[in-house]
Amino acid sequence: MIDANLLRDNPDVIKASQRARGASESLVDDAVAADVSWRKALTDFETLRAEQNAKAKLVSSADKDSRAALIAEGQELATRVKAAEQLAAEAQTKLDEIIWQIENVVLAGVPSGGEDDYVVIREEGTKPTFNFELRDHVALGELLDVIDIERGAKISGSRFYFLKGWGARLELALMNMALDQAAQAGFTALITPTLVKPSVMAGTGFLGAHSDEIYYLPADDLYLTGTSEVALAGYHSDEIIDLSEGPLRYAGWSTCYRREAGSGGRDTRGILRVHQFNKLEMFSYIKPEDSEVEHQKLLAWQEQMLQKCELPYRVIDTAAGDLGSSAARKYDAEAWVPSQETYRELTSTSNCTTYQARRLNVRYRKENGKTATAATLNGTLATTRWLVAILENHQQEDGSVRIPVALRPYLGGAEVISPKQKN
RNA sequence: GGAGAAUUCGCCUAGUGGCCUAUGGCGCCAGCUUGGAAAGUUGGUUGGGUGCAAGCCCUCGGGGGUUCGAAUCCCCCAUUCUCCGCCA
């Protein structure tokens with residue numbers, strides 16, 4: 001949710017942001033008007049309520065004669081108060097409906113435009129060249145007996161899979177390496193619930209336009225989360241957290257569930273886009289003024305992981321129109337996928353400034369003792385999808401895959417995954 | 001799934017219709033005291049909304065109701081605990 005004070009003092013800033021996103025500008029005018037109506041209705045109600053409170057207080061000390069009259073007055077006031085309260089509540093509902101639709105104010109420097117208007121910040125690593133016919137991760141997965149897509153479909157349908165043998169171990173190794181790195185950087189590990197209440201899902205901003213992407217369990221009124229970000233953001237909801245010793249950083253591990261309803265026939269081959277995968281997610285609660293520095297740190301940690309996996313990648317600054325509603329800025333790191341001869345997203349990090357925290361009511365105490373809304377940031381540190389890039393980039397002519405050096409300690413020292421090898 | 005109990009300002013706790021503008025303790029903050037501390041002592045200490053401000057309104061797990069008036073009475077929901085039942 002955007003800052004109501006900003007809406008009152010400087011609606012043009014919000015309009016400019018909406019424009020950059022290609023979102024509705026008139027929504028801002030509607031919100032300003034609704035805000036004025038609400039405050040008027042609220043004042044009316046509170047004035048009447050004050051009168052009612054004062055009258056009610058007189059009753060107990062009144063003598064018999066005036067008592068009956070006071071009670072009659074009180075009865076009359078009570079109906080007026082009820083009506084005024086109703087109006088105020090309606091005005092607030094209307095304001096909420098509008099204000100919740102306004103997306104986060106994008107930060108200065110974010111490229112304007114849509115999905116294809118990203119700016120490439122840098123490219124790192126060397127793309128591999130193969131003097132043999134390269135295999136894609138599906139072929140490698142079959143050859144090495146590490147990914148079983150056929151049986152995944154048999155059990156659960158398309159976009160499901162089994163990770164098997166070294167494939168399963170590779171994913172756990174990757175997650176462990178990421179977790180170690182995160183712990184060294186001061187993150188607290190959290191294994192999070194993957195079923196959450198509607199209020200939490202709404203608070204994190206995932207129940208908006210893309211709610212059909214989310215699995216829902218009607219029998220229990222619970223949502224399956226597509227990222228542990230949901231649980232991590234909800235973790236401190238309705239709390240006043242202590243940021244005096246620095247930011248609170250969590251590394252949340254969870255399985256993630258996505259319906260992929262909008263993705264049509266895209267990426268149907270392999271495990272690039274699946275309904276279920278695992279992810280280690282970084283999440284920071286921080287003072288708003290430090291959020292942009294933290295964002296760079298999250299990105300640096302992501303790049304560190306990509307480098308440990310010896311993957312060629314590039315970093316892009318996502319355009320305003322392609323930001324999620326909570327994000328004020330987003331960087332994606334995309335790894336080179338040889339079989340597709342293109343870069344594919346492996347990590348994403350968003351600075352949600354105070355937008356998400358305001359919805360979830362996460363505050364901290366400033367040095368002057370006042371409370372203020374915290375800022376939240378998130379960023380991927382490892383996902384199942386990384387296996388695609390690792391397998392493809394490190395494949396060798398005989399179909400074996402060289403294990404990146406940094407990962408070997410997590411795989412019992414193994415240096416290569418070979419077709420003939422069983423574990 | 002069934003039965004019972006509980007939920008009060010960071011923690012514990014008093015409070016069964018108006019004097020609750022919520023008691024007391026612990027913790028924390030500040031003052032006094034001290035060479036400095038401890039002890040002692042005095043004061044402060046839930047948050048939110050609105051308003052230029054004084055102020056006013058809301059906040060006793062959440063929502064609704066009864067009443068002139070609700071922490072207190074009624075209903076629904078959530079969470080926790082105990083017991084029973086079932087179960088990977």
Side-chain angles (χ1 to χ4, degrees), chain A residues 1-10 31-100 155-156 192-203 217-223 230-231 234-245 248 255 285 288 354-374:
Chain A
M1 191 167 74
I2 55 155
D3 185 352
N5 287 319
L6 186 65
L7 182 72
R8 284 163 204 165
D9 301 341
N10 215 338
V32 170
D35 182 53
V36 170
S37 308
W38 167 65
R39 284 188 287 166
K40 168 79 169 65
L42 185 69
T43 307
D44 290 349
F45 157 61
E46 288 187 350
T47 306
L48 276 172
R49 172 75 93 189
E51 201 180 324
Q52 181 191 31
N53 286 345
K55 283 272 157 57
K57 208 162 279 183
L58 293 175
V59 174
S60 59
S61 56
D63 56 58
K64 249 188 175 158
D65 300 335
S66 48
R67 196 184 179 93
L70 274 172
I71 287 177
E73 259 183 87
Q75 282 169 336
E76 188 264 341
L77 257 177
T79 53
R80 286 168 61 201
V81 167
K82 199 169 265 186
E85 187 174 23
Q86 177 74 22
L87 288 176
E90 281 167 12
Q92 182 163 26
T93 303
K94 193 177 171 200
L95 172 62
D96 283 348
E97 272 171 16
I98 297 166
I99 211 169
W100 275 58
I155 296 300
S156 305
T192 63
T194 53
L195 289 167
V196 300
K197 298 176 186 182
S199 61
V200 176
M201 201 53 118
L217 276 57
D220 300 285
D221 196 22
L222 290 169
Y223 290 94
V230 177
Y235 190 68
H236 285 302
S237 59
D238 294 319
E239 291 182 24
I240 298 171
I241 55 175
D242 184 4
L243 295 179
S244 61
E245 308 281 307
L248 297 182
T255 300
Y285 292 90
T354 57
Y355 188 88
Q356 190 176 54
R358 190 169 291 107
R359 286 186 162 201
L360 292 165
N361 191 25
V362 182
R363 291 165 294 161
Y364 71 102
R365 207 170 287 284
K366 298 209 282 188
E367 273 161 34
N368 64 12
K370 301 274 188 198
T371 58
T373 304

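Lettering follows sequence order; numbering is per chain, from 1.
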*Roughly how many Å is it from CG in A/Asn5 to P in B/U50, rounded to a whole number?*
7 Å

*A/Leu95 CG to B/G49 P: how many Å, rounded?*
13 Å

*Nearest to side-chain heavy atoms of A/Arg49, which nucleotide of B/C57, B/G49, B/G47*: B/C57

*Considering just the side-chain nitrogens and oxygens of A/Arg39, establish if one lies under 4.0 Å of OP1 or OP2 belonging to B/G51.*
yes

*Say you pick atom P in B/U72 and the same atom in B/G15; how far apart are they, in whole Å?*
15 Å

*With a 4.5 Å heavy-atom cut-off, do A/Asn5 and A/Arg8 have their side chains touching?*
yes

*B/C83 pairs with which nucleotide, Watson-Crick or G-U wobble, both distances below 3.5 Å?*
B/G2

_Salt-bridge contact A/Glu76-A/Arg80 (side-chain N to carboxylate O under 4.0 Å)_ = yes

_Any A/Asn53 side-chain N or O less than 4.0 Å from OP1/OP2 of B/G69_ = no

*Give the nucleotide from the list B/G49, B/G18, B/G47 with an atom nearest to the side chain of A/Ile240.*
B/G47

*Give a yes/no answer on whether the side chain of A/Arg365 brings an N or O atom under 4.0 Å of OP1 or OP2 in B/G10.*
no

*Any strand: nucleotide that pairs with B/U16 via Watson-Crick or wobble, under 3.5 Å*: none

_Just the rounded figure in Å: distance from P of B/U50 to CZ of A/Phe45._
14 Å

_Same-atom distance (C1') from B/U8 to B/U16, integer angstrom_ = 14 Å

*Which nucleotide sits closest to the side chain of A/Leu42: B/C68, B/A78, B/U50?*
B/U50

*Minimum-distance nucleotide (side-chain atoms of A/Lys82 versus B/U66, B/C56, B/G48)*: B/U66

*Taking C-beta and beyond as the side chain, do A/Thr371 and A/Tyr364 meet within less than 4.5 Å on heavy atoms?*
no

*asked:* Output the rounded distance in Å from CZ (A/Arg67) to P (B/G18).
replied: 12 Å

_B/C29 and B/U80, which share atom name C1', separated by this distance in whole Å_ = 32 Å

_Opposite nucleotide pairing with B/G27, Watson-Crick or G-U, both atom distances under 3.5 Å_ = B/U45

*Just call it for A/Arg363: base, sugar-phosphate, or nothing, with non-hydrogen atoms closer than 4.0 Å on any strand.*
sugar-phosphate

*Sugar-phosphate only, base, or nothing, as touched by A/Gln52 at under 4.0 Å among non-hydrogen atoms*: sugar-phosphate

*Pick the P atom in B/G25 and in B/G17, then give their distance to the nearest Å.*
26 Å

_Using side-chain heavy atoms (C-beta onward) and a distance below 4.5 Å, is A/Asp221 in contact with A/Pro198?_
yes

_Over all strands shown, is A/Lys370 touching base, sugar-phosphate only, or nothing at heavy-atom distances under 4.0 angstrom?_
nothing

*Compare side-chain N and O positions of A/Lys40 against OP1 and OP2 of B/G51 and report whether any pair is under 4.0 Å apart.*
no

*Roughly how far apart, to the nearest Å, are B/A22 and B/U34 at atom C1'?*
37 Å

_Within the structure provided, determine whether A/Tyr355 and A/Ile2 are in side-chain contact (heavy-atom separation under 4.5 Å)._
yes

*Taking atom C1' in both B/C9 and B/G44, compute the distance separating them and give it to the nearest angstrom.*
14 Å

*Between B/U13 and B/G64 - C1' atom distance, rounded Å*: 29 Å

*Do A/Gln52 and A/Arg49 have side-chain N/O donor and acceptor atoms under 3.5 Å apart?*
yes

*Name the pairing partner of B/C52, where a pair is Watson-Crick or G-U wobble with both distances under 3.5 Å, or state none.*
none

_Using atom C1' in both nucleotides, what's the gap between B/G2 and B/U21 to the nearest angstrom?_
44 Å

_For B/U7, the Watson-Crick or wobble counterpart (both distances under 3.5 Å)_ = B/A78

*Of the candidate nucleotides B/U66, B/C57, B/C68, which contains the atom at the shortest distance from the side chain of A/Glu46?*
B/C57

*Does the side chain of A/Lys40 reach to within under 4.5 Å of the side chain of A/Asp44, using non-hydrogen atoms?*
yes

*Can you check the A/Asp96 CG to B/G49 C1' distance for me, whole Å?*
13 Å

*Can you check whether A/Val59's main-chain N or O pairs, donor with acceptor, with A/Arg67's side chain at less than 3.5 Å?*
yes

Would you list the protein and nucleotides 85-88 of chain B atom pairs, both N or O, that sit under 3.5 Å from each other?
none

_For A/Leu7 against A/Asp35, the heavy-atom pair lying closest together_ = CD2-CB, 4.4 Å

